[in-house]
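Heads up: numbering here begins at 1 and tracks the sequence. Order of appearance sets the numbers: ligands from 1, and atoms from 1 within every ligand.
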Amino acid sequence: MTVKTIVTEPNKILRQISKPVDNVGKEEQDLMDDMLETMYDANGIGLAAIQIGIPKRIIVMDIAKDEKREPRYFVNPVIVNKDPIKKTHEEGCLSVPEQFAEIDRPSKCEVEYLDYNGKKQLLKAEGLLATCIQHEMDHLEGILFIDYLSKLKRSMIIKKLSKLKSNTAVI
Ligand code: GNR
Ligand code: NI
């Protein structure tokens, strides 16, 4: 298992649409192991493969509190049902470091996917799990949470991140 570098905004890689995986084999499992390690190292609760530069429809998540680890793996996830009721949740993203915003999303959803062993699963998610899975699935389409903000807020965040990247002080 290896900790990989997380791609941060602004970077076109994050706008790629990830491709379905046609087989969950050793290569995919090794990738999931690296993604999980990278996610834990960065203190995140979810990570999409594109965040380490790999455009595959693979997500890892762990929303368990404290030290107990409850890793979840999603290959080729599809949302098959969304609750019409929305819920606001504060979101952050490892690819948009140190920026947070309140985002509205369906409060519950059902997701079909393949697990670590390539077995088909159905997950009924609500609360943080529902928010996180939808945030991660956006990454597979090249969408970031800042895309839901006003143009002004988004451009302010991108400007800040560009300055951070070029190591220039932020006023
Ligand atoms: O670590 C993360 N926390 C988080 C908090 C609220 C909503 C979504 C997330 S996902 C984020 C990790 C990440 O960037 N995943 O893509
Ligand atoms: Ni993210």
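Close N/O approach between Gly46 and ligand 1 is found [any backbone or side-chain N/O within under 3.5 Å]. Between Ile45 and ligand 1, at least one N/O pair is under 3.5 Å apart. Every N/O-N/O distance between Cys132 and ligand 1 stays at or above 3.5 Å.
Put simply, the side chain of Asn76 does not reach to within 4.5 Å of the side chain of Asp22, judged on heavy atoms. Leu94 is listed as a side-chain neighbour of Leu47, based on a closest heavy-atom distance under 4.5 Å.
Here the Ni ion (ligand 2) is the vertex; the NE2 atom in His135 and the NE2 atom in His139 give an angle of 100° (to 10°).
With respect to the salt-bridge test (charged N to carboxylate O, under 4.0 angstrom), the residues Arg15 and Glu9 qualify. In summary, Glu141 and Arg57 engage in a salt bridge, as defined by a charged side-chain N under 4.0 Å from a carboxylate O.
Checked against Arg72 for a side chain to side chain contact (heavy atoms under 4.5 Å, CB included), the options Asp115, Leu129, Ile133 give a single hit: Leu129. Screening Gln134, Glu112, Glu110 for a side chain to side chain contact (heavy atoms under 4.5 Å, CB included) with Ile79, the sole residue that qualifies is Gln134.
One option in Met137, Glu90, Gln51 has a heavy atom closer to atom 6 (C) of ligand 1 than any other, and that option is Glu90. Between atom 10 (S) of ligand 1 and the options Glu136, His139, Glu91, the minimum heavy-atom separation is to Glu136.
Within ligand 1, the atoms closer than 4.0 Å to a non-hydrogen atom of Gly44 are 1 (O), numbered from 1 in the order shown. Which parts of ligand 1 touch His135 is read off a 4.0 Å heavy-atom cut-off, strictly below it: atoms 8 (C), 10 (S), 13 (C), 14 (O), 15 (N), 16 (O). Heavy-atom proximity to Cys93, at under 4.0 Å, picks out these atoms of ligand 1: 14 (O).
Here the protein heavy atom with the shortest distance to atom 14 (O) of ligand 1 is Leu94 N, 2.8 Å. Atom 11 (C) of ligand 1 has as its closest protein heavy atom Gly92 O, 3.6 Å.
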| task | Begin from the C-alpha positions of Thr88 and Glu102 and carry the test side-chain hydrogen bond (donor to acceptor under 3.5 Å, both in side chains) through to its verdict. | result | CA-CA 6 Å; Thr88 305; Glu102 297 283 337; 5.3 Å; no
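A donor atom on one side chain and an acceptor atom on the other are not found under 3.5 Å apart for Asp33 and Tyr73.
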